[in-house]
Amino acid sequence: MRRRPPQVVSTVDLPSGRVLEIVQPETGAPYTRVKQPIEADRDLCRCDSCSSDLVEPIMWEAAGPTLWRIVLRCPNCEDCTEGVFTQECVDRYDERLDDGTASVVDDLKKLQRANMTDDVERFIAALHAGAIMPEDF
């Protein structure tokens, strides 16, 4: 009777809500074994080199059922670091990224409104000055 080789089973949660189960034969070092130390409490937004809080992810992949291997880049000093982080650590980072995105979108909307207000005021002034004619349209 043949025995099946040992297998490594892991899951990956997709943004769509689906969960993939990945089954791989355990040959050599399966991808769920972590070669780098796991960093659980690190603030992923903070750069180790220059202390900027603008660090962005440039690559990420599952490193196990609840671990993520992430390459981070600091836009200020161009320092790139790679690490393996727990799901909780990555969730905290994801929330900070979402907050930052919401802040940028809010600033963009304010800027668009200010620009549109300026455009409308110039248009009204041009109408009152007679600088706009029906032929302009």
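Keep in mind that this is a model prediction, so the values were computed, not measured.
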_Just verifying a value: how many Å separate K109 NZ and R113 CZ, rounded to the nearest 0.5 Å?_
10.0 Å
*With rounding to the nearest 0.5 Å, note down the distance linking SG in C45 to CD in E95.*
10.5 Å
_I need the single residue from D94, L72, L97, T81 that forms a side-chain contact (heavy atoms from CB on, under 4.5 Å) with L44. Which is it?_
L72
*Output yes when a side-chain donor or acceptor of D136 lies under 3.5 Å from a complementary backbone atom of M133, and no otherwise.*
yes
*Just jot down the side-chain hydrogen bond (donor to acceptor under 3.5 Å, both in side chains) partners of S52, sequence neighbours excluded, or say none.*
N76
*Less than 4.5 Å apart, any side-chain heavy atom of D79 and any of C50?*
no
*Could you tell me whether the side chain of C47 reaches within less than 4.5 Å of the side chain of C77, counting heavy atoms only?*
yes
Show which side-chain atoms of residues 54-68 pair as donor or acceptor with protein atoms under 3.5 Å away, not counting sequence neighbours.
from	atom 1	to	atom 2	distance (Å)
E56	OE2	R73	NH1	2.1
W68	NE1	Q87	OE1	2.6

*What distance do F123 atom CZ and M116 atom CE have between them, rounded to the nearest 0.5 Å?*
11.5 Å
*Any donor and acceptor pair, going by atom type alone, linking the side chain of S103 with main-chain N or O of D99 inside 3.5 Å?*
no
*Could you give all pairs that pass the salt bridge (Lys or Arg N to Asp or Glu O under 4.0 Å) test and reach residues 117-135, with sequence neighbours left out?*
D118-R122, D119-R122
_Quick one: does any side-chain atom of R46 pair with a main-chain N or O of S51 as donor and acceptor, under 3.5 Å?_
yes
